[in-house]
Amino acid sequence: MAEALCLAENAAAMDEVPVGALVVLDGQVIGKGYNRCVSNNDPSAHAEIMALREAAMHLENFRLDGATLYVTLEPCLMCCGALLQGRIARLVYGAREPRTGAVVSVHECLRAVGVDHHVAICEGILLDQSAELLKQFFNTKRKC
């Protein structure tokens, strides 16, 4: 999770919302990402999506069975959908996202009725550090 936080700092340095993610399988990092929506002009370039894409390329398979996604912020609906499509086994995240969080905050789409794949969820890891990085980023934005 500390590595995901470092990736979030990379995003902040690029003036992107500071979210970092990585995919781990069998103790090995197989995908990394941080928000690149602004720099890529791509609304889907969330940290989770970038990490999942890299992991799928690494495995040469879009199914990431048994993998864990670590991310500094609760995933949105789009990212949760990608977790389900990729068959991620476990999600570990830091801070909740009260406006768009789709794990527990606004929606609970990973536990929705009819979802045929289940993701184990662990929240609050490095919560204070993740939340503080986001707070600093948005405080700076509001001063402009």
Side-chain angles (χ1 to χ4, degrees), residues 1-139 141:
M1 192 63 177
E3 189 170 346
L5 197 55
C6 288
L7 291 165
E9 291 170 354
N10 290 348
M14 294 180 63
D15 207 28
E16 298 272 1
V17 175
V19 179
L22 53 101
V23 178
V24 175
L25 181 64
D26 298 327
Q28 178 186 359
V29 176
I30 60 170
K32 296 179 183 183
Y34 52 87
N35 275 3
R36 300 197 53 134
C37 297
V38 175
S39 57
N40 287 8
N41 295 310
D42 180 356
S44 71
H46 290 195
E48 301 94 323
I49 300 298
M50 304 305 281
L52 291 169
R53 286 177 181 161
E54 189 173 287
M57 295 295 285
H58 175 84
L59 294 180
E60 297 181 348
N61 191 338
F62 74 100
R63 298 283 193 216
L64 303 170
D65 295 311
T68 298
L69 177 80
Y70 294 86
V71 62
T72 57
L73 184 65
E74 178 183 3
C76 69
L77 279 168
M78 174 185 67
C79 293
C80 284
L83 294 177
L84 293 171
Q85 291 297 315
R87 302 295 193 258
I88 289 290
R90 185 170 174 239
L91 167 66
V92 178
Y93 69 91
R96 286 189 178 187
E97 180 19 288
R99 292 178 33 241
T100 61
V103 178
V104 295
S105 294
V106 178
H107 305 284
E108 292 186 9
C109 68
L110 296 179
R111 296 182 177 140
V113 175
V115 172
D116 64 352
H117 175 72
H118 299 283
V119 178
I121 301 164
C122 179
E123 71 170 303
I125 307 303
L126 294 184
L127 166 64
D128 294 338
Q129 296 92 322
S130 297
E132 183 60 29
L133 186 58
L134 287 158
K135 181 180 171 184
Q136 288 175 4
F137 177 81
F138 286 111
N139 281 345
K141 287 288 182 192

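Positions are given from 1, in the same order as the sequence printed here. Quick note: numbers below take in every heavy atom, side chains included, and nothing from hydrogens, waters or symmetry partners.
- Here the closest heavy-atom approach between residue Ala4 and residue Leu22 is recorded as N-CD2, 3.5 Å.
- Using a distance-only test at 3.5 Å, with no hydrogens or angles considered, a donor-acceptor pair links the side chain of Asn61 to the main chain of Arg63.
- In this structure, the separation between CG on Asp42 and CZ on Arg36 is 10.5 Å, given to the nearest 0.5 Å.
- Two residues are said to be in side-chain contact when any heavy atoms from C-beta on lie closer than 4.5 Å; Arg90 and Tyr70 meet this criterion.
- Side chains of Leu73 and Leu134 form a contact here, defined as non-hydrogen atoms less than 4.5 Å apart.
- The side-chain heavy atoms of Leu52 and Ile88, taken from C-beta on, include a pair separated by under 4.5 Å.
- Cys109 has its side chain within reach of Leu77: a pair of non-hydrogen atoms, C-beta onward, lies under 4.5 Å apart.
- Atom OG1 in Thr100 sits 10.0 Å away from atom CE in Met78 (nearest 0.5 Å).
- The two residues Ser130 and Ile125 come nearest to each other via the heavy atoms OG-O, 4.4 Å.
- Using a 4.5 Å cut-off on side-chain heavy atoms (C-beta onward), Leu59 and Leu25 make contact.
- Closest approach of Leu83 and Pro75 over heavy atoms only: CD1-CG, 4.4 Å.
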- Evaluate the side-chain contact (heavy atoms from CB on, under 4.5 Å) criterion for residues Ile121 and Tyr93: first the C-alpha distance (whole Å), next the side-chain angles of each, then the deciding distance (0.1 Å), finally the verdict. CA-CA 8 Å; Ile121 301 164; Tyr93 69 91; 3.9 Å; yes
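- In this structure a side-chain-to-backbone donor-acceptor pair under 3.5 Å is present from Glu16 to Ser39.
- The structure places CG of Asn10 at 10.5 Å from CG of Leu5, a figure rounded to the nearest 0.5 Å.
- Annotation for Met14: atom CE counts as buried by contact number, over 12 foreign heavy atoms lying within 6.0 Å.
- The shortest distance between side-chain heavy atoms of Val115 and Leu110 does not fall below 4.5 Å.
- Atom OG of Ser44 and atom CE of Met50 lie 8.0 Å apart (nearest 0.5 Å).
- Once rounded to the nearest 0.5 Å, the distance linking NE2 of His118 with CZ of Arg87 reads 10.5 Å.
- Exactly one residue among Glu97, Arg96, Glu74 makes a side chain to side chain donor-acceptor pair (under 3.5 Å) with Ser105. That residue is Glu74.
- No donor-acceptor pair closer than 3.5 Å links the side chain of Asn35 to the backbone N or O of Ala11.
- Separation of atoms OG1 (Thr72) and CD (Glu3) is listed at 12.5 Å; rounding is to 0.5 Å.
- Contact annotation: the side chain of His58 never approaches that of Val23 to less than 4.5 Å [non-hydrogen atoms, C-beta and beyond].
- Between His46 and Cys37, the closest side-chain pair of non-hydrogen atoms falls below 4.5 Å.
- Nearest heavy-atom pair, Leu7 versus Tyr34, reported as atom, atom and distance to 0.1 Å: O-CB, 3.3 Å.
- Across every non-hydrogen atom of Ala12 and Pro18, the tightest pair is CB-CB, 3.8 Å.
- When all heavy atoms of Ala8 and Leu133 are compared, the pair lying nearest together is CB-CD2, 3.6 Å.
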